[in-house]
Amino acid sequence: MGKVVFENIKNMIEDAISAYEELLSLYLEKKQAILKPDKEMLSMVDAKILAHVEFLKKINEKREEYCNANNIPEVRITALIELAQKEQPEYEELFEQQKVKIREVADKIMLTEKTNVELLKHSLTMSDKLLDIIISAAMPQKDNYDRHGKNVDTSELSIGSIVEDA
């Protein structure tokens, strides 16, 4: 494999890193939409994320096609970097920087998405609690009291909600 092949691999990896950095920025935008909370913004960001994931799939497909056309058995980014480091020692430092960058971005994406999921879970829990409060406030009170303010068992009542002491 020649230097041109590895130059192309370097460029493909840089493109992938940029695309994953853009995905990270979308996940951070989603986090802001969750924190606000802004349903319209959240919906819009989710649509952007889905579109960007499709874009990433196309980048991966192009890399796979290129690797197949050049008889490169491995198409994963880290494997390509390791192969390039072995085959082109002059690029070793550059490829090592790319490897570190892609790992950092991947870790940040996973952490941000995990945070987003936890925020959504918390939002649902808070919504459930708020709904319970609203329902309990709107429901009629089941407790009945006598004129002294003592709770009276409702099964003993015959007429009205206040019972005279005998």
Side-chain angles (χ1 to χ4, degrees), residues 1 4-88 90-143:
M1 286 181 268
V4 172
V5 171
F6 288 103
E7 187 69 31
N8 289 336
I9 289 173
K10 176 185 77 80
N11 292 335
M12 285 188 291
I13 293 169
E14 286 174 1
D15 290 344
I17 290 171
S18 294
Y20 282 107
E21 287 174 330
E22 176 64 26
L23 183 63
L24 174 60
S25 71
L26 289 171
Y27 277 117
L28 291 171
E29 191 176 334
K30 180 176 182 174
K31 181 179 176 183
Q32 292 305 314
I34 294 169
L35 290 172
K36 280 189 180 178
D38 186 340
K39 291 183 276 185
E40 287 181 31
M41 183 178 171
L42 183 59
S43 177
M44 182 182 68
V45 172
D46 278 341
K48 286 182 186 178
I49 289 172
L50 290 174
H52 199 72
V53 167
E54 289 302 314
F55 174 71
L56 281 167
K57 286 179 183 178
K58 289 177 184 173
I59 287 176
N60 291 337
E61 288 170 3
K62 286 181 183 178
R63 186 175 62 248
E64 187 175 339
E65 289 171 10
Y66 183 82
C67 290
N68 288 338
N70 289 285
N71 296 320
I72 300 171
E74 201 52 71
V75 296
R76 293 178 309 123
I77 292 174
T78 52
L80 283 174
I81 289 172
E82 290 168 1
L83 176 66
Q85 286 175 313
K86 289 177 190 172
E87 297 285 329
Q88 297 292 319
E90 65 269 19
Y91 287 125
E92 185 173 358
E93 188 176 325
L94 171 69
F95 283 119
E96 187 62 32
Q97 290 171 356
Q98 286 181 327
K99 190 184 336 183
V100 168
K101 186 68 174 175
I102 196 74
R103 282 188 184 145
E104 286 175 355
V105 172
D107 288 345
K108 287 178 184 177
I109 288 172
M110 286 188 303
L111 179 61
T112 304
E113 182 55 12
K114 184 177 179 182
T115 301
N116 289 348
V117 168
E118 291 302 317
L119 285 170
L120 288 170
K121 284 181 186 177
H122 180 71
S123 294
L124 290 173
T125 301
M126 295 308 294
S127 293
D128 284 346
K129 287 181 181 183
L130 181 60
L131 184 60
D132 287 344
I133 290 169
I134 292 169
I135 289 172
S136 67
M139 290 183 67
Q141 296 295 324
K142 294 180 182 176
D143 293 335

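Counting heavy atoms of neighbouring residues, nucleotides and ligands inside a 6.0 Å radius, atom NZ of Lys108 does not exceed 12 of them. Open room surrounds CD on Glu40; 12 or fewer heavy atoms of other groups in view lie less than 6.0 Å from it. Environment of NZ in Lys31: sparse, with no more than 12 heavy atoms of neighbouring residues, nucleotides or ligands closer than 6.0 Å.
Ion pairing of Lys10 with Glu7 is present here, as a side-chain N (NZ or NE/NH1/NH2) and a carboxylate O approach within less than 4.0 Å. The pair Lys99-Glu96 meets the salt-bridge criterion, with a side-chain N (NZ, NE, NH1 or NH2) lying under 4.0 Å from an Asp/Glu carboxylate O. Salt-bridge formation is not detected for the pair Glu82/Lys86: no Lys NZ or Arg NE/NH1/NH2 atom is positioned less than 4.0 Å from an Asp or Glu carboxylate oxygen.
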**Request:** I would like to know whether Glu29 and Gln32 meet side-chain contact (heavy atoms from CB on, under 4.5 Å); could you show each step before the answer?
**Result:** CA-CA 5 Å; Glu29 191 176 334; Gln32 292 305 314; 5.7 Å; no

**Glu54/Lys57 under salt bridge (charged side-chain N to carboxylate O under 4.0 Å, His left out): CA gap, chis, key distance, verdict** = CA-CA 5 Å; Glu54 289 302 314; Lys57 286 179 183 178; 3.3 Å; yes

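Note that the CD atom of Glu92 and the CD atom of Gln97 stand 11.5 Å from one another [nearest 0.5 Å]. Atom CD1 of Ile49 is separated from atom OG of Ser25 by 9.0 Å, given to the nearest 0.5 angstrom. Rounded to the nearest 0.5 angstrom, His122 NE2 and Ile34 CD1 are separated by 12.0 Å. For the atom pair NZ (Lys101) and CD1 (Ile81), the distance works out to 12.5 Å, reported to the nearest 0.5 Å.
When all heavy atoms are compared, the tightest approach of Ile13 to Phe95 is CD1-CE2, 4.3 Å. Taking each heavy atom of Ala33 and Met41 in turn, the nearest pair found is CB-CG, 3.8 Å. Of all the heavy atoms in Tyr20 and Ile77, the pair that sits closest is CE1-CD1, 4.4 Å. The nearest pair of heavy atoms linking Met12 to Arg63 is SD-CA, 3.8 Å. Of all heavy-atom pairs spanning Ile59 and Asp15, the tightest one is CD1-O, 4.3 Å.
Checked by atom type and distance alone, the side chain of Asn116 pairs as donor or acceptor with a backbone atom of Tyr27 at under 3.5 Å.
At a threshold of 4.5 Å between non-hydrogen side-chain atoms, the residues Lys39 and Leu42 do not count as touching. With contacts defined as side-chain heavy-atom distances shorter than 4.5 Å, the pair Leu50/Asp46 does not qualify. Between Lys30 and Leu26, every side-chain heavy-atom pair lies at or beyond the 4.5 Å cut-off. Inter-residue side-chain proximity for Ile72 and Ile9 is flagged as met; some heavy-atom pair is nearer than 4.5 Å.
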